Amino acid sequence: MTVNVRFAPSPTGVLHIGSVRTALFNWLYARHNNGKFLLRIEDTDKLRSTDENTRLIFKILEWLQIDWDGDPVIQSSRIERHKEVALDLISKGKAYYCYCTPEELASKKEQCLKENRPYKYDGKCRNGNNNHDSNIKPVVRLKSELEGTTTVKDMVQGEVTVNNSQLDDLVLIRSDGTPTYMLSVVVDDHDMNITHVIRGDDHLTNTFRQIQIYKACGWDIPKFGHIPLIYGPDGAKLSKRHGAASAIDYMQLGYLPEAISNYLLRLGWSHGNDEIISREDAIKWFDFDNVGKSPSRFDMAKLQNLNAHYIKERTNESLLEYMLPFLKYELNNEVKNNILKGMDSLKERAKTIVELAESASIYIKAPEAYEDKCSKYATSMHLDLLNEIVEKIKNNEFSTNEEDLCNSVKEFAGSHNIKLIEIAQAIRGALCGKLASPSVFEIISIIGKEETIKRLESFINHYGQ
Ligand code: GLU
Ligand code: ZN
């Protein structure tokens, strides 16, 4: 089976995470079938399309390793071709000029509204209109079928049928001469040899009208797959209001591309009970039999769990590389090495790269402030104990080797008849400025004697005054 699919985003806004899923499903379907995945930028709405949005589409797809075949098609460069098809339809009697004015149509619409009838264009110019004002710039309308039905055997939605009497003679070319989306999308899909149109189910109603265009042109009709949209936890279409809705938001929040990709794949598609699915397996297994019909709800906690999983899977070197842009600082090699030494523990607890970068700050600098909870471990008793520990580290009675230090401090706690946690938390507050971190002995073994003494003393001074 030949499979040529396309992803056709409009750069009129930042790429929505739902569109990324559409891209992914198209891409997987192409790769699964050894087909082609083509990219088309639908930028005909020149007022709302921006170069920046187009740049971000490329950037997000590259980030997710969703590679496209050949050069992207820029829809606005094909306007002449779209017009040519419309003119050809006119010459074949399949389309016609409509001279109805917007005012005329608006008043007919209003009349329908009053009479509680659904509005559709009444076909006034369908058989010629010689009575028009010569100043009027006409639109071009398709001569849609008036009778019969149109059926889509959708790969996701199943068989869906509408009566052709419900479809009106849609506009192909606007009065300013620009082609409509309906026309452009059909001409481009035909010219690009698209065999399967896979897109969000908000386009399902357009499909019936697009099929009318295919028929009028005498072209093969591709197969369609309309995937349900993504909703927020409250059931409304996922939007900025729910936190993050654009793909770039998730990138900036510190989600790894493999986590996003795995999450979006599972959102609306399943393979048994598998949750963690590699790219190779996704390509091997992806098909439309297992794409669900019901809307998907975005579950942030699930995405975070997957992200935490993929963070643990990455090598320490790649995590360091990945977190660099998230850090506010330039790092020298010594600090980079320290972070690498601590990475095994850091990556155990991070759900996002932002959290990981945040937690790595203990290897970058001494705390600039102590969170409020630290004061609980900064009583005079704690400070006295810390003072003793500083002395012992200074005179090498306590080594900064992780295991040795752990044993020494345990013994020290025992001899003072105090729980280890009391001392460990005081040390943690001093080293990190907060009470959650990897093992303090590990941190000390990495940052070394001088830095440890410095941080402990700062803490003692801060609370000792
Ligand atoms: N450009 C359309 C959109 O962004 C998609 C058109 C299509 O997939 O047919 O919604
Ligand atoms: Zn008309």
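None of the values given here were measured: they were computed from a predicted structure. Numbering of ligands and ligand atoms starts at 1, following listing order.
- Each of the following atoms of ligand 1 lies closer than 4.0 Å to a heavy atom of R6: 7 (C), 8 (O), 9 (O).
- A side-chain donor-acceptor contact under 3.5 Å links E442 and S345.
- N164 and T150 share a donor-acceptor pair across their side chains, judged by distance under 3.5 Å alone.
- A 6.0 Å sphere centred on NZ of K365 holds more than 12 heavy atoms belonging to other residues, nucleotides or ligands.
- Screening residues 317-366 for ring-ring contact (aromatic ring centres under 6.0 Å, His included) gives no qualifying pairs among residues at least two apart or on separate chains.
- Nearest protein heavy-atom neighbour of atom 5 (C) of ligand 1: A8 O, 3.3 Å.
- You'll find the ring centres of F288 and F286 inside the 6.0 Å limit.
- Taking every non-hydrogen atom of S10 and a distance limit under 4.0 Å, the qualifying atoms of ligand 1 come out as 1 (N), 2 (C), 3 (C), 4 (O).
- Listed by number with element, the atoms of ligand 1 under 4.0 angstrom from any heavy atom of Y181 are 6 (C), 7 (C), 9 (O).
- Geometrically, R314 does not engage Y310 in a cation-pi contact, judged by NZ or CZ lying under 6.0 Å from the ring centre and within 45° of the ring axis.
- Taking the centre of each ring, Y29 and F37 stay at or above the 6.0 Å mark.
- The 12-atom threshold is exceeded at CD of E371, counting heavy atoms of other residues, nucleotides or ligands nearer than 6.0 Å.
- Atoms of ligand 1 found under 4.0 Å from any heavy atom of V185, numbered from 1 in the order shown, are 9 (O).
- Of the N and O atoms on the side chains of Y99 and D133, not one donor lies less than 3.5 Å from an acceptor on the other residue.
- Listed by chain and number, C98 SG, C100 SG, Y121 OH, C125 SG are the protein N/O/S atoms closer than 2.8 Å to the Zn ion (ligand 2), with waters left out.
- Heavy-atom distances between F7 and ligand 1 stay at or above 4.0 Å for every pair.
- With hydrogens left out, the protein atom closest to atom 1 (N) of ligand 1 is E42 OE1, 2.5 Å, a heavy atom.
- Ring centroid separation for the pair F58 and W68 comes in under the 6.0 Å cut-off.
- The nearest protein atom to atom 10 (O) of ligand 1, hydrogens excluded, is given as H203 NE2, 3.0 Å; this is a heavy-atom distance.
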